[in-house]
Number of protein chains: 2
Amino acid sequence: MAVYLQVLEELEAEGEEIISSSKLAQLCGVNPSQIRKDLAYFGEFGVRGVGYYVTDLKESIKHFLGLDKTWNCAIVGIGNLGRALINHRAIKDKGYRIVGAFDWDPFKIGEKVGDLEIICTRRLKEKAKELNIQIGIITTPPNRAQRAANHIVEAGIKAILNFSPTRISVPDDVIVDYVEFSRYLIYLSFKLIHG
Amino acid sequence: MAVYLQVLEELEAEGEEIISSSKLAQLCGVNPSQIRKDLAYFGEFGVRGVGYYVTDLKESIKHFLGLDKTWNCAIVGIGNLGRALINHRAIKDKGYRIVGAFDWDPFKIGEKVGDLEIICTRRLKEKAKELNIQIGIITTPPNRAQRAANHIVEAGIKAILNFSPTRISVPDDVIVDYVEFSRYLIYLSFKLIHG
DNA sequence: CTCACATTGAGAAAAAATTCACAAACCAAA
DNA sequence: TTTGGTTTGTGAATTTTTTCTCAATGTGAG
């Protein structure tokens with residue numbers, strides 16, 4: 001679905017107003033029926049005999065994916081990875097705003113990263129309400145990840161993205177996703193061995 | 001498959017010598033038949049009436065995935081993200097070694113990151129042979145990504161991991177994989193909206 | 001050695017995902 | 001208005017994936 005969105009945005013930028021499922025399928029590298037099934041799943045957007053209106057469809061998918069609003073994120077752990085994410089283009093562009101930078105290290109607190117000031121992790125709860133933070137991102141060293149998660153949960157945030165290579169345990173109503181760099185490398189080396 | 005491996009490593013650390021497909025399935029959160037099919041796919045490792053020998057199975061999977069040897073990687077683009085990867089634990093632990101750090105910026109060249117010295121990207125080809133680099137990792141800004149890719153291809157490296165939010169074009173015999181942080185965030189916000 | 005029990009490997013069955021195929025609907029031109 | 005050319009939406013057919021089932025095989029006790 002995210003692939004369709006990306007292609008649709010490119011089409012819109014090129015000034016295309018209407019696209020058929022077969023052309024879109026070609027651009028996405030999938031089967032036309034696949035596209036029609038996927039799109040029919042959350043509404044009827046096409047016009048028979050015509051195709052899909054690029055802008056309308058793009059907006060509908062964005063709405064479906066929740067990309068028509070901005071999401072406020074907090075980063076916990078301001079090392080190299082945290083700083084990289086704060087400055088990362090693609091994240092901003094998709095409607096995700098990093099509005100808080102948290103760390104435990106007293107020497108870092110008060111330091112500026114971009115236009116954010118690093119705040120003590122203990123103040124996460126207070127700041128989460130003030131800044132309406134919906135997603136917490138953990139970029140601490142592994143041994144601090146669980147503590148970071150605890151602070152995030154405590155602050156009432158219901159979604160966590162964990163970059164630290166450790167499993168964390170949270171209540172059932174909190175969604176967690178893991179970014180594992182090694183997975184990508186395993187895929188590549190696997191491909192290098194087997195066709 | 002990578003999940004099985006992780007669980008097996010934990011089991012081995014706990015001193016377990018034998019595991020049945022049903023127990024392993026429980027730990028991985030999948031169906032026992034699934035496990036047996038997956039494992040049977042690349043050999044017969046189990047013993048009927050007994051189960052699987054944890055260490056043997058772990059080694060077999062590692063071999064299958066190509067994790068029984070070390071892979072040499074080069075990072076092109078030494079910003080925050082590049083530095084984060086160089087220092088990242090999980091990567092080293094899986095047998096991937098970052099052996100080269102490359103950047104275009106003359107002010108960075110010669111600087112030390114961990115025990116690596118930043119080298120000019122133009123010397124990538126020469127260094128790739130010397131260091132036997134098999135995987136190139138792009139962590140440049142988007143507008144430099146294609147140029148980085150060109151240098152990597154030029155150096156005869158056949159696998160690229162691109163962290164930059166741009167598509168790159170390379171010859172057919174070069175494998176490319178993309179790390180898109182926004183995908184993870186989209187998943188989380190989607191889950192926050194729909195169950 | 002034989003028997004009772006446990007567990008794999010693999011074929012059969014079931015479920016899920018993908019693709020096909022075509023009626024229904026739309027547009028444009030005559 | 002009618003006709004011909006498109007393209008969607010959807011039920012049917014197909015393919016793929018997952019799960020079930022059970023004979024084959026191994027262990028250990030008697």
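So you know, we letter chains A, B, ... as the sequences are listed, proteins then strands, and number each from 1.
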Note: A:Tyr4 and A:Leu39 closest approach over all heavy atoms is CD1-CD2, 4.4 Å
All N/O donor-acceptor pairs, side-chain side in residues 63-70 of chain B, below 3.5 Å, sequence neighbours left out:
unit_1: B:His63; atom_1: ND1; unit_2: B:Asp68; atom_2: OD2; d: 2.6
unit_1: B:Thr70; atom_1: OG1; unit_2: B:Arg97; atom_2: NH2; d: 3.3

A:Leu24 CG to D:dG9 P, in whole Å, measures 12 Å
Protein-nucleotide distance (A:Phe42, atom CZ; D:dT8, atom P), rounded to Å
14 Å
Nearest-Å distance for atom pair CD1/C1', residues A:Ile18 and C:dC27:
10 Å
From OH of A:Tyr53 over to C1' of D:dT8, roughly how many Å is that when rounded to an integer?
13 Å
Would you call A:Glu117-A:Lys127 a salt bridge at under 4.0 Å N-O?
no
Is it true that a side-chain atom of A:Asp105 and a backbone atom of A:Ile109 form a donor plus acceptor pair closer than 3.5 Å?
no
Side chain to side chain contact (heavy atoms under 4.5 Å, CB included) partner of A:Ile78, chosen from A:Asp103, A:Leu116, A:Ile119
A:Asp103
Expected list for residues 2-9 of chain B near DNA chain D, using heavy atoms below 4.0 Å, is none
Should the pair B:Arg123 and B:Phe102 be classed as cation-pi, given the thresholds of under 6.0 Å to the six-membered ring centre and 45° from the axis?
no
Quick test of your reading of the model: are A:Glu9 and A:Lys58 salt-bridged, counting only N-O distances below 4.0 Å?
no
Could I get a table of every N or O pair under 3.5 Å where one atom is in the protein and the other is in nucleotides 8-13 of chain C?
unit_1: C:dT8; atom_1: OP1; unit_2: B:Ser21; atom_2: N; d: 2.6
unit_1: C:dT8; atom_1: OP2; unit_2: B:Ser21; atom_2: OG; d: 2.7
unit_1: C:dG9; atom_1: OP1; unit_2: B:Gly46; atom_2: N; d: 3.1
unit_1: C:dG9; atom_1: OP2; unit_2: B:Tyr52; atom_2: OH; d: 2.8
unit_1: C:dG9; atom_1: O4'; unit_2: B:Arg48; atom_2: NH2; d: 3.0
unit_1: C:dG9; atom_1: N7; unit_2: B:Arg36; atom_2: NE; d: 3.0
unit_1: C:dG9; atom_1: O6; unit_2: B:Arg36; atom_2: NH2; d: 3.0
unit_1: C:dA10; atom_1: OP1; unit_2: B:Glu44; atom_2: OE2; d: 3.3
unit_1: C:dG11; atom_1: O6; unit_2: B:Lys37; atom_2: NZ; d: 3.0

If I take atom OH in residue A:Tyr41 and atom C1' in nucleotide C:dA17, what distance separates them, rounded to the nearest angstrom?
14 Å
Taking OP1 and OP2 of C:dA17, is either one under 4.0 Å from a side-chain nitrogen or oxygen of A:Gln34?
no
When you check the gap from the basic side-chain N to the acidic O, do B:Glu59 and B:Lys62 get nearer than 4.0 Å?
no
In whole angstrom, give the distance that lies between atom CD1 of A:Ile35 and atom C1' of C:dT19.
13 Å
